[in-house]
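Note that the structure is a prediction, hence the values are computed from the model and not measured. Count residues from 1 along the sequence.
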Amino acid sequence: MMQQQHSDNAAKFIADDARTNWHDETLWFVRAKRDKAAHNIPEWEALRQAASDIKDYTLNHLDTYLLEFEEKAKANGIIVHWAFDANEHNQIVYDIIHQSGITKMVKSKSMLTEECKLNEFLQHNGVEVVDTDLGERIVQFRNETPSHIVLPAIHLKKEDVSATFHEFLHTEKGNNDPLYLTRAARVHLRNHFFTSEVALTGVNFAVAETGSIVVCTNEGNADLGVHSARIHIASMGIEKIIPKAKHLSVFLRLLARSATGQPVTTYNSHFNRPQHGKEMHVVIVNNKRTQQLAEPDFKSSLKCIRCAACFNTCPIYRKSGGHSYHTTVAGPIGSILSPNLDKKQHADLPFASTLCGSCSNVCPVKIDIHNQLWKWRQLLTKEGYTPPAKTLAMKGMANVLGSPFLYNLSGKVGRWVMRNIPFLVNNKIWNPWFKQRDMPKAPEQSFRDWYIKNNKS
């Protein structure tokens with residue numbers, strides 16, 4: 001099986017100009033909403049700093065707070081499990097379901113279970129999994145992965161959804177009315193909610209002080225699933241811990257504003273203990289997070305609260321689409337998390353960036369994303385994970401940029417070629433840069449030549 005490359009996947013996405021432009025404009029609209037919401041909060045930067053400080057402190061004392069959470073959760077009647085990796089997580093979830101004699105599970109959005117490939121594992125073992133987030137259900141029907149961590153079906157238009165629902169829900173062919181399609185989805189999902197005995201949710205925040213978890217949704221599907229089912233399973237990465245309940249106010253004010261420009265997520269549901277006669281399980285997952293934690297350059301990436309603000313602002317993500325990243329978490333944050341999981345498979349992702357810094361500017365917990373992208377590039381190149389041709393080209397470029405003589409000479413040669421032999425650079429085979437761009441007109445002289453000529457002082 002050939003290793004996927006972001007550039008190849010992006011080329012397929014941008015082949016459809018209309019869809020690419022629509023995707024770009026839609027996500028920039030969400031980014032603009034984020035800016036308006038942030039500017040309405042005078043203390044916005046203070047909130048960001050507070051959230052960053054809380055996360056920094058928690059990561060430095062993660063062992064203490066995880067054990068405190070376990071102790072308090074068990075005292076509340078919650079059954080706590082620990083999973084070293086994705087395989088252990090999936091097996092724990094399956095054992096809970098299998099031992100209860102259940103064959104169907106409803107699931108609300110959880111990027112951790114996507115990371116662990118839980119759906120495929122359970123379905124392979126005879127458990128039907130129904131994603132109940134509308135976007136997640138749409139991509140599940142289509143046998144696709146989410147392309148965005150907050151807006152999982154953002155790559156699809158209403159016409160695509162209509163065609164999908166016609167195929168799987170037998171809705172009226174060609175009816176693209178969003179209200180009609182949403183009602184069809186509600187009728188379809190309601191039956192699954194009321195007939196499933198187990199519901200799985202993710203965890204947005206886990207409070208060490210109280211042993212409780214908080215799940216944030218806009219559709220209420222997590223609540224309906226949990227309260228209808230006999231067993232609630234919550235899958236939680238170790239980085240989701242915060243020390244005290246009072247810290248929630250900081251993160252809840254940042255999360256929705258950063259994600260969609262809303263003042264607050266529609267449902268912020270607190271689960272403290274199982275309901276009478278029911279079970280509640282929390283599966284705490286490592287899956288190489290402690291490996292990331294041990295890296296000083298990349299440790300702060302674990303502060304991420306999965307708002308996707310960096311997706312919505314990133315010019316590369318907006319133009320190339322989420323599936324071009326061939327990993328669970330796409331975009332800038334995914335490009336600094338994924339190499340930790342598999343350097344060889346994801347070595348291309350830190351290079352899918354302009355290093356413009358917009359991702360770091362909008363991050364609500366002040367992760368220095370663009371700096372980490374740059375550091376990953378250095379590390380992956382040093383360890384031999386980048387293509388030899390690219391490594392050689394970069395070494396050659398370093399020599400040119402490090403020598404005033406070579407720099408001036410190459411500039412003169414380049415301008416001459418562009419003016420006199422343009423087909424050498426206006427060529428998709430020899431000049432990959434030309435594949436999606438028009439080459440600019442060659443200037444008559446360099447800035448240095450112009451400066452020498454005009455600087456008479």
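With Asn340 contributing its side chain and Lys288 its backbone, the two residues share a donor-acceptor pair below 3.5 Å. Listed for the Ser249 side chain is a donor-acceptor partner under 3.5 Å among the backbone atoms of Lys246. A donor-acceptor distance shorter than 3.5 angstrom exists from the side chain of Lys278 to the backbone of Ala229, with no hydrogens or angles considered. Judged by distance alone, with hydrogens and angles left aside, the side-chain atoms of Asn76 form a donor-acceptor pair with the main-chain N or O of Thr210 at under 3.5 Å. No side-chain donor-acceptor contact under 3.5 Å links Glu115 to the backbone of Thr328. Asn60 places a side-chain N or O within 3.5 Å of a backbone atom of Asp56 that can act as its donor or acceptor partner. Under the 3.5 Å distance criterion, the side-chain polar atoms of Trp376 are matched with a main-chain donor or acceptor of Ile336. Panel note: side chain Thr182, backbone Pro178; a donor-acceptor pair is recorded below 3.5 Å. Proximity of a side-chain donor or acceptor of Asp160 to a complementary backbone N or O of Leu156 within less than 3.5 Å is not detected.
Met439 has its side chain within reach of Asn431: a pair of non-hydrogen atoms, C-beta onward, lies under 4.5 Å apart.
Taking the six-membered ring where tryptophan is involved, the planes of His6 and Tyr325 are perpendicular, since the angle between them exceeds 60° and thus also 30°.
Salt bridge status for Lys157 with Glu159: absent, with no side-chain N to carboxylate O gap under 4.0 Å.
Aromatic rings from His227 and His232 are positioned such that their centres are separated by 6.0 Å or more. Two rings, from His23 and Phe13, have their centers less than 6.0 Å apart. Ring centers of Phe251 and His247: at least 6.0 Å apart, outside the cut-off.
Gln372 and Ser300 share a side-chain donor-acceptor pair at under 3.5 Å. If you check the side chains of His326 and Gln345, you find no donor sitting under 3.5 Å from an acceptor. Checked by atom type, the side-chain pair Gln292/Ser301 shows a donor-acceptor distance below 3.5 Å. A donor atom on one side chain and an acceptor atom on the other are not found under 3.5 Å apart for Gln5 and Ser7. For Asp133 and Ser108, the side-chain atoms include no donor-acceptor pair closer than 3.5 Å.
Minimum heavy-atom separation, Arg48 to Ser360: NH2-O, 3.3 Å. Taking every heavy atom of both residues into account, Pro263 and Ala256 meet most closely at C-CB, 4.4 Å. Among all heavy-atom pairs drawn from Ser235 and Leu112, the shortest one is C-CD2, 3.8 Å.
In this structure, Arg137 satisfies the cation-pi test against Phe141, with its NZ or CZ atom closer than 6.0 Å to the six-membered ring centre and inside 45 degrees of the ring normal.
Just one of Ile367, Ile305, Ile241 meets the side-chain contact (heavy atoms from CB on, under 4.5 Å) condition when paired with Lys55; it is Ile305.
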